[in-house]
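What follows is a short report on a single structure.
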Amino acid sequence: MTSQSYPNLCIHTMTNKPWDLKTAVQKYQDRGIGGISVWQNVVEPIGVAEASLILNASDLEVVSYVRGGFFPAASRHDREKAIAHNLGMIEESAQLGAPVLVLVCGAEPTLSKQANEDQICAGIEAILESAAAHQVVLGIEPLHPMYADTRSAINTLGQANRIAARFASPWVKVVFDVYHLWWDPNLEEEIEISFKTDVFGTYHICDWKVPTTDFLTDRGIMGEGCIDLEQIDQLIMAQGFDGYREVEIFSEAYWKQDQDEYLDRILNAYQVLY
Ligand code: ZN
């Protein structure tokens, strides 16, 4: 193991979308980054076996695999399809050595909020045994309410905490993403609850640009936007968090730029802040 300049930093491969897995692994390792979170789109073209060889040969720790979820659907057939897909993703996570499968839980706009939540819980219940057998944590990621129509009916840390705690399983946790949660007036209290109930899982960082030109693919580098990243980080670290800070930036603008320069900007911003 070579010495790492950023041992507690992890980058999501989607951050450098133009790079394939092999390139991303090489670039992250060269810069002394500690961890990598792998998105399925970089695994698909080469297959899980090849992807896991690439990851195993590196010094990077695989932090999570992204993403499962999307449980709610109007028909039973589609809900069963979603469960089958998630079972496959759990197996892939285990093969890749990823201890966490991130769940973007989904939402079906023709259903009520409660029905969506019930279907999400039923979906998690249906895959929990497999998650435990493969030792893969299911990470419920609450998404900003602007995505409540089709992407996730779980929209606050409080809601995610309650759902995760209901399972009372070491294999169900919460994924905390500053982009989705920064606005919440109950954040401090809910972070405490998350740790007290032992459901805090992993931690994603980026920034909310002002103005934001696209609500999916215009995320900012840390320090570029309005999120009080320092304060949120203090709240999380005060609870004894010792996992990775995972940079997850979706940005059409940055994906068009030189990815090496962009990654160096991320590292500079990280050093300034953390
Ligand atoms: Zn995230």
Side-chain angles (χ1 to χ4, degrees), residues 8-17 24 28 33 35-42 61-71 86 89 93 98-107 120 124 136-148 150-161 163-164 172-184 187 190-191 194 199-209 212 214-222 224-229 232-233 235-236 241 243-252 254-255 266 269-270 273-274:
N8 304 314
L9 172 64
C10 162
I11 311 274
H12 279 236
T13 55
M14 189 55 85
T15 300
N16 296 108
K17 193 179 175 189
Y28 299 166
I33 293 164
I36 185 168
S37 280
V38 179
W39 276 62
Q40 198 190 16
N41 69 309
V42 295
E61 187 171 337
V62 182
V63 178
S64 54
Y65 190 37
V66 196
R67 62 196 185 187
F70 290 99
F71 297 108
N86 277 277
M89 289 295 284
S93 301
V100 176
L101 173 63
V102 175
L103 300 181
V104 170
C105 289
I120 288 167
I124 294 172
V136 172
V137 167
L138 303 171
I140 299 171
E141 181 165 11
L143 259 51
H144 191 285
M146 68 183 169
Y147 299 124
T150 55
R151 279 201 174 80
S152 183
I154 299 179
N155 307 104
T156 63
L157 182 56
Q159 190 189 6
N161 280 343
I163 291 171
V172 180
K173 303 267 186 207
V174 170
V175 172
F176 184 104
D177 188 326
V178 296
Y179 187 78
H180 298 299
L181 302 175
W182 66 276
W183 56 273
D184 186 344
L187 205 56
E190 291 297 342
I191 287 172
S194 205
V199 298
F200 195 98
T202 53
Y203 173 28
H204 298 176
I205 55 172
C206 68
D207 213 336
W208 183 287
K209 282 166 81 175
T212 290
D214 186 286
F215 288 119
L216 190 60
T217 55
D218 189 35
R219 295 191 183 196
I221 298 172
M222 299 79 70
E224 219 180 7
C226 65
I227 302 179
D228 195 341
L229 292 163
I232 292 175
D233 197 71
L235 292 173
I236 291 171
F241 181 73
Y244 286 85
R245 295 186 186 96
E246 303 177 39
V247 173
E248 183 189 44
I249 302 172
F250 317 143
S251 168
E252 289 294 346
Y254 287 127
W255 289 332
I266 291 172
Y270 182 82
L273 251 155
Y274 302 104

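Each ligand, and each atom within it, is numbered from 1 in the order the structure gives. We use all heavy atoms of the structure for the numbers below, so side chains are in, but hydrogens, waters and symmetry mates are not. The chain is numbered in sequence order, starting from 1.
Closest to the Zn ion (ligand 1) among the N, O or S atoms of Glu141 is OE2. The closest approach of Glu248 to the Zn ion (ligand 1), by N/O/S atoms, is made by OE1. For His204, the N, O or S atom closest to the Zn ion (ligand 1) goes by the atom name ND1. Here the N, O or S atom of Asp177 that is nearest to the Zn ion (ligand 1) is OD2.
Atom CH2 in Trp208 sits 4.0 Å away from atom NE2 in His144 (nearest 0.5 Å). Here Leu229 contributes atom CG and Cys206 contributes atom SG; the two are 8.0 Å apart, rounded to the nearest 0.5 Å. The structure places CD of Glu224 at 5.0 Å from NZ of Lys209, a figure rounded to the nearest 0.5 Å.
For His180, every N, O or S atom stays at 2.8 Å or more from the Zn ion (ligand 1).
Between the side chains of Asn8 and Tyr274, no donor-acceptor pair is found at a separation under 3.5 Å. For Thr212 and Asp218, the side-chain atoms include no donor-acceptor pair closer than 3.5 Å.
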